[in-house]
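Everything below concerns the one structure shown next.
Order of appearance sets the numbers: ligands from 1, and atoms from 1 within every ligand. The figures that follow rest on heavy atoms only: side chains count, while hydrogens, waters and symmetry mates do not.
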Amino acid sequence: MSRQENVHQHAFSLTKEHRQTLHGHKSYILWFTGLSGSGKSTIANMVEAKLHAKGVSTYILDGDNLRNGLNEDLGFSMDDRKENIRRIGEVSKIFVDSGIVVLATFISPYANDREDVRKKVESDEFIEIYVKCPIEACEERDPKGLYKKARIGKITDFTGVSAPYEEPENPEIIIETSENTIEECVQQIINYLVDAGI
Ligand SMILES: Nc1ncnc2c1ncn2[C@@H]1O[C@H](COP(=O)(O)OS(=O)(=O)O)[C@@H](OP(=O)(O)O)[C@H]1O
Ligand SMILES: Nc1ncnc2c1ncn2[C@@H]1O[C@H](COP(=O)(O)OP(=O)(O)O)[C@@H](O)[C@H]1O
């Protein structure tokens with residue numbers, strides 16, 4: 001017997017469209033993926049501020065923050081990362097249903113896990129942003145000193161050092177943070193949203 005066999009969904013009267021109308025805009029997920037130190041949080045923070053200033057309802061879901069709460073039971077094995085991203089995908093879907101624009105900043109190193117999130121929402125509601133930066137530049141920045149620890153084995157399964165990162169094959173947006181300024185990267189994302197009419 002499946003665990004969901006006796007669980008029945010209630011049909012509520014208000015829909016995502018009602019909530020989007022109240023907010024005055026579409027809701028969708030901006031999914032930032034990239035190495036530690038590539039710039040996911042920095043860019044998302046500024047994109048959120050710009051959207052907020054334009055009257056868009058937003059929320060940032062961030063790896064470090066979620067791992068201190070909802071996902072405090074998860075580590076960095078392949079299975080734990082998969083479960084981490086699955087839960088974030090479900091939470092993101094709830095936000096989209098509530099009419100809010102989600103900015104999700106997770107390394108999300110496995111292409112399949114990212115594609116599983118994409119499939120949870122409508123095709124135009126998942127915008128994958130590859131925050132591209134050579135590992136040498138991330139390591140040079142090392143804002144939290146994690147690469148240093150990973151190189152001497154104090155952190156295991158560290159993405160790019162002792163665990164894989166699968167580059168997105170067809171992301172909606174690629175920002176190259178070692179080639180462009182923070183402001184240029186932010187503007188590139190805003191331009192995409194304006195061109196897409198959202
Ligand atoms: N082993 C290992 N590998 C990668 N990252 C590590 C690891 N241990 C701790 N950290 C810190 O956790 C942050 C990444 O969490 P995520 O939830 O984004 O990871 S994942 O999507 O499940 O791969 C990551 O945050 P960012 O640097 O902002 O990417 C690190 O601060
Ligand atoms: N063009 C850029 N885009 C984003 N971050 C940049 C850029 N240039 C330099 N940085 C710096 O790189 C670091 C990125 O750290 P962070 O945003 O925490 O990355 P992540 O969330 O991917 O781990 C910050 O210290 C930021 O100031």
Side-chain angles (χ1 to χ4, degrees), residues 29-50 58-93 95 102-118 120 126 128-168 171 173-192:
I29 305 168
L30 293 175
W31 188 274
F32 294 78
T33 172
L35 295 170
S36 177
S38 59
K40 302 181 293 299
S41 310
T42 302
I43 302 291
N45 185 42
M46 287 189 66
V47 170
E48 181 181 43
K50 291 225 175 204
T58 56
Y59 198 80
I60 294 188
L61 297 173
D62 179 78
D64 282 325
N65 297 348
L66 272 282
R67 281 176 171 279
N68 278 319
L70 177 67
N71 293 341
E72 65 183 5
D73 56 325
L74 300 175
F76 290 90
S77 66
M78 192 178 178
D79 282 351
D80 278 6
R81 288 184 202 246
K82 184 179 191 64
E83 176 60 11
N84 183 37
I85 299 308
R86 189 193 69 78
R87 289 183 200 172
I88 302 308
E90 291 296 332
V91 173
S92 298
K93 186 182 168 173
F95 271 102
V102 186
L103 299 92
T105 60
F106 296 86
I107 296 177
S108 45
Y110 297 109
N112 276 343
D113 298 347
R114 297 191 299 263
E115 287 311 300
D116 285 345
V117 178
R118 185 187 285 277
K120 289 182 200 288
F126 184 86
E128 187 174 27
I129 302 170
Y130 177 22
V131 184
K132 189 172 180 183
C133 185
I135 189 158
E136 295 77 17
C138 295
E139 195 156 357
E140 175 81 27
R141 293 174 183 168
D142 206 3
K144 302 173 214 158
L146 298 177
Y147 283 93
K148 204 167 282 166
K149 286 189 187 165
R151 289 291 176 199
I152 57 171
K154 280 197 172 170
I155 305 179
T156 56
D157 294 328
F158 194 77
T159 308
V161 175
S162 42
Y165 179 78
E166 297 173 359
E167 290 195 318
I173 306 173
I174 302 177
I175 50 173
E176 302 206 39
T177 66
S178 61
E179 307 282 326
N180 300 290
T181 65
I182 295 173
E183 290 71 23
E184 286 166 343
C185 296
V186 170
Q187 199 51 50
Q188 198 186 328
I189 295 170
I190 299 293
N191 290 347
Y192 176 94

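- Protein heavy atom nearest atom 15 (O) of ligand 1, with residue, atom name and distance: Arg67 NE, 3.3 Å.
- In terms of protein heavy-atom proximity, atom 23 (O) of ligand 2 is closest to Gly37 N, 2.7 Å.
- The closest heavy-atom contact to atom 18 (O) of ligand 2, among the options Gly63, Gly34, Ser41, comes from Ser41.
- With a heavy-atom cut-off of 4.0 Å, Asn180 touches ligand 2 through its backbone alone.
- The nearest heavy-atom contact from the protein to atom 2 (C) of ligand 1 is Phe158 CD1, 3.3 Å.
- Of all the heavy atoms of Asn84, the ones lying under 4.0 Å from any atom of ligand 1 belong exclusively to the side chain.
- Between the side chain of Asp142 and the main chain of Lys148, a donor-acceptor pair closer than 3.5 Å is present.
- Residue contacts with ligand 2: Leu35 is included, with a non-hydrogen atom under 4.0 Å away.
- For the pair Arg67 and Phe76, the cation-pi test (distance below 6.0 Å, angle within 45°) is passed.
- The protein heavy-atom contact nearest to atom 10 (N) of ligand 1 is Phe76 CZ, 3.4 Å.
- Residue contact check: Ser36 has heavy atoms under 4.0 Å from atoms 23 (O) of ligand 2.
- The option with the heavy atom closest to atom 24 (C) of ligand 1, from among Asp64, Val161, Ile155, Thr159, is Asp64.
- Rounding to the nearest 0.5 Å gives a distance of 8.0 Å between OG of Ser36 and CG of Asp64.
- With hydrogens left out, the protein atom closest to atom 21 (O) of ligand 1 is Ser108 N, 2.8 Å, a heavy atom.
- A donor-acceptor contact shorter than 3.5 Å is absent between the side chain of Ser38 and the backbone of Cys133.
- At under 3.5 Å, a nitrogen or oxygen of Ile107, whether backbone or side chain, sits near a nitrogen or oxygen of ligand 1.
- Comparing heavy-atom distances from atom 5 (N) of ligand 2 across Pro143, Ala44, Gly39, Cys185 singles out Gly39 as nearest.
- Side-chain N or O atoms of Lys40 include none that pairs as donor or acceptor with a backbone N or O of Val131 at under 3.5 Å.
- Note on ligand 2: Thr181 sits in its first shell, one or more heavy atoms being nearer than 4.0 Å.
- Residue contact check: Asp157 has heavy atoms under 4.0 Å from atoms 1 (N), 2 (C), 3 (N) of ligand 1.
- With hydrogens left out, the protein atom closest to atom 7 (C) of ligand 2 is Ile182 CG1, 3.5 Å, a heavy atom.
- Atom 25 (O) of ligand 1 has as its closest protein heavy atom Lys144 NZ, 3.2 Å.
- Counting only heavy atoms of the protein, atom 17 (O) of ligand 2 lies nearest to Thr42 OG1, 2.4 Å.
- Glu90 and Arg87 are not joined by a salt bridge, as no carboxylate oxygen comes within less than 4.0 angstrom of a charged side-chain nitrogen.
- Contact annotation: Ile88 has no heavy atom less than 4.0 Å from any atom of ligand 1.
- In this structure, CD1 on Ile85 lies 10.0 Å from CD on Glu83, to the nearest 0.5 angstrom.
- Using a 4.0 Å cut-off between heavy atoms, Leu66 makes no contact with ligand 1 at all.
- Atom 29 (O) of ligand 1 has Lys40 NZ, 3.0 Å as its closest protein atom, hydrogens excluded (heavy atom only).
- Relative ring orientation between Phe95 and Tyr59 is described as parallel, the plane-to-plane angle staying below 30° on a 0-90° scale split at 30° and 60°.
- The nearest pair of heavy atoms linking Phe106 to Leu61 is CE1-O, 3.3 Å.
- Glu184 is not listed as a side-chain neighbour of Glu176, based on a closest heavy-atom distance of 4.5 Å or more.
- Contacts between Asn71 and ligand 1, counted as non-hydrogen atom pairs separated by less than 4.0 Å, are absent for every part of the residue.
- Considering backbone and side-chain N/O of Arg81, one or more are found under 3.5 Å from N/O of ligand 1.
- Counting only heavy atoms of the protein, atom 30 (C) of ligand 1 lies nearest to Leu146 CD1, 3.4 Å.
- A distance of 12.0 Å separates CD of Glu140 from OH of Tyr147, quoted to the nearest 0.5 Å.
- The nearest heavy-atom contact from the protein to atom 8 (N) of ligand 2 is Arg141 NH2, 3.5 Å.
- When only non-hydrogen protein atoms are considered, atom 27 (O) of ligand 1 lies nearest to Ser36 OG, 2.6 Å.
- Of all atoms in ligand 2, numbered sequentially from 1 with element shown, those under 4.0 Å from a heavy atom of Thr177 are 1 (N), 2 (C), 3 (N), 7 (C), 8 (N).
- At a heavy-atom cutoff of 4.0 Å, ligand 1 is contacted by the backbone of Thr156 but not by its side chain.
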